[in-house]
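Because the structure is a prediction, the values reported are computed rather than measured. Each chain gets a letter, A, B and so on, in the order the sequences are listed, and its residues count up from 1.
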Number of protein chains: 2
Amino acid sequence: MQNRPDITMDAVYTAPGYLFRRMQQIAVAIFIEECRDFDLTPVQYAALIAIRTHPGIDATRLSAVIAFDRSTLGSVIERLEAKGYIERKPAPEDKRVKLLYLTKAGSSLLRDIMPAVDRAQVRMLQPLKPADRKTLLVLLAQLVDLNNEASRVPLRAEDALEHLGKVG
Amino acid sequence: MQNRPDITMDAVYTAPGYLFRRMQQIAVAIFIEECRDFDLTPVQYAALIAIRTHPGIDATRLSAVIAFDRSTLGSVIERLEAKGYIERKPAPEDKRVKLLYLTKAGSSLLRDIMPAVDRAQVRMLQPLKPADRKTLLVLLAQLVDLNNEASRVPLRAEDALEHLGKVG
DNA sequence: TCTCAATTGACAGTATACTGCCAATATGGC
DNA sequence: GCCATATTGGCAGTATACTGTCAATTGAGA
């Protein structure tokens, strides 16, 4: 054979970076499909959970808690506020800061959407054997954790607690 | 403890969808960092490799070969053309189609950028033990392949060959 | 107290990633 | 040859995801 294009493309198809991108696209597609009755994206869902977990968090700390950058989060927060799922209240002791709170509608939405989110998470790994699902998840969690500092916005879970004075 | 916010966030942190997103963000950050001397993104790199592998491919088939949707690819192609790495030529037998070819500059770029791309791919998995790297890659490749149809733009590697009359 | 560095949220700009929709063009059934 | 259908590339619109910059505000040190 003179022409074997597949050999060249295999360098792309088997590259970790390409596989991570494809898997992320598939994961988002599955999430959106399972949650189509609720007008919510994966990022918006993560933000809502974080705000429910840390009521009164500000945008900068929120970005550290879910590891999305501040610029992106600005528009995410805007959309969540427009949909009535969260409220933004100015902080009394710091005029720069706006504190984030879940509304009743946001709270209800999280309760209602839970089964769909769970279905989505299950579906993503469904094609693998149960043991392999566990293996993949463990390795991926390790890799993400160990590569945390390589990310542009490293995860800083403990940051979220500081404003509540629970971590020093 | 009355307040245990971490327990709630763990539902996000251990969710496959969240881990896939974080890993993808990390992978892109590492790619961009290693390839900072070359003004090229991961998607643009994949597109260039695919065009080199299938000279004279059109945009629709290209989208099937690298599994990116047509709309996104339109602007990617535009940028690659603006940088002088590819050429768009109208197809003689079909006035709708524009065929894509690598330029000399594109060819040189691919040759020069290769070491940086390889470094990036290695760095993404570096924190894991060698055996775990292999395991993760194999499982991920399996999962992506088995979930191919769940993607909005399933990979159709064979489509790229049709215009060359090599697959029936 | 005053000044300077850091923080916060906002904005502009670029690049994916998707949904639709559209006009031009091809093609297959009749 | 004609017409319904499909394909192709382009466009508008939405949503991440990042880079930078900026003004307002805060806080820490001289």
- More 5' along DNA chain D: A/E93 or A/V76, using each one's nearest nucleotide? A/V76
- Query: To the nearest Å, how far apart are A/D69 CG and D/dC18 P?
  - Reply: 5 Å
- Message: In whole Å, I'd like the distance from the CD1 atom of B/I77 to the P atom of D/dT8.
- Response: 13 Å
- Query: Should B/L143 and A/M124 count as side-chain neighbours, where that means a heavy-atom distance under 4.5 Å?
  - Reply: no
- Does OP1 or OP2 of C/dT16 have a side-chain N or O of A/Q25 closer than 4.0 Å? no
- About how many Å separate OH of A/Y45 and CG of A/L109, when rounded to the nearest 0.5 Å? 10.0 Å
- Give the rounded distance in Å between these two atoms: CG of B/L40 and P of C/dT16. 9 Å
- Tell whether A/S71 reaches the base of D/dT19 with its side chain through a donor-acceptor pair below 3.5 angstrom. yes
- Out of D/dG9, D/dT19, C/dA10, whichever nucleotide has its closest atom nearest the side chain of A/R88: C/dA10
- Task: Determine: side-chain N/O of B/K98 to OP1/OP2 of D/dG10, distance under 4.0 Å, yes or no.
- Result: yes
- Message: Check whether B/N147 reaches the backbone of A/M23 with its side chain - one donor and one acceptor, N or O, closer than 3.5 Å.
- Response: no
- Pair of N/O donor and acceptor under 3.5 Å linking C/dG9 base with A/R96 side chain: no
- Message: Need one value for B/T72: base, sugar-phosphate or nothing, where a base atom within 4.0 Å counts as base even if backbone is also close, heavy atoms only.
- Response: base
- Item | Below 4.0 Å: OP1/OP2 of C/dT16 and any side-chain N or O of A/Q24 | no
- Task: From the options C/dA15, D/dA15, C/dG9, select the nucleotide whose nearest atom is closest to the side chain of B/R79.
- Result: C/dA15
- Item | Validation row: A/T53, B/V12 side chains within 4.5 angstrom (heavy atoms) | no
- Answer yes if A/V138 and B/L19 sit in the same cluster of Ile, Leu, Val, Met, Phe, Trp and Tyr residues linked by side chain heavy atoms under 4.5 Å apart, and no otherwise. no
- Query: Whole Å only: how far is the CG atom of B/L73 from the C1' atom of C/dC18?
  - Reply: 13 Å
- Counting distance only, does the side-chain N/O of B/Q44 pair as donor-acceptor with the main-chain N or O of B/L80 below 3.5 Å? no
- Please determine, for the side chain of A/Q44, which listed nucleotide (D/dA15, C/dT16, D/dT8) has the closest atom? D/dA15
- Task: Rounded to the nearest angstrom, tell me the gap between atom CD in A/E33 and atom P in C/dT19.
- Result: 11 Å
- Query: Would you say D/dT16 has OP1 or OP2 under 4.0 Å from some side-chain N or O of A/S75?
  - Reply: no
- Note on the structure: Nearest-nucleotide check on DNA chain C, B/D39 vs B/R70; residue mapping nearer the 5' end is B/D39
- Message: Looking at A/Y85 and A/R79, would you say the former's side chain and the latter's main chain have a donor-acceptor pair under 3.5 Å?
- Response: no
- Of residues 108-124 of chain B, the positions that come close to DNA chain D - non-hydrogen atoms, cut-off under 4.0 Å: none
- Note on the structure: Rounded to whole Å, the CD-C1' distance (B/E78 to C/dT14) equals 13 Å
- Message: Checking A/T60 now: which residues fulfil side chain to side chain contact (heavy atoms under 4.5 Å, CB included) with it, not counting sequence neighbours?
- Response: A/D58, A/R70
- Nearest-Å distance for atom pair CZ/C1', residues A/F31 and D/dT16: 14 Å
- Note on the structure: To the nearest angstrom, the CG-C1' distance between B/D94 and D/dA6 comes to 12 Å
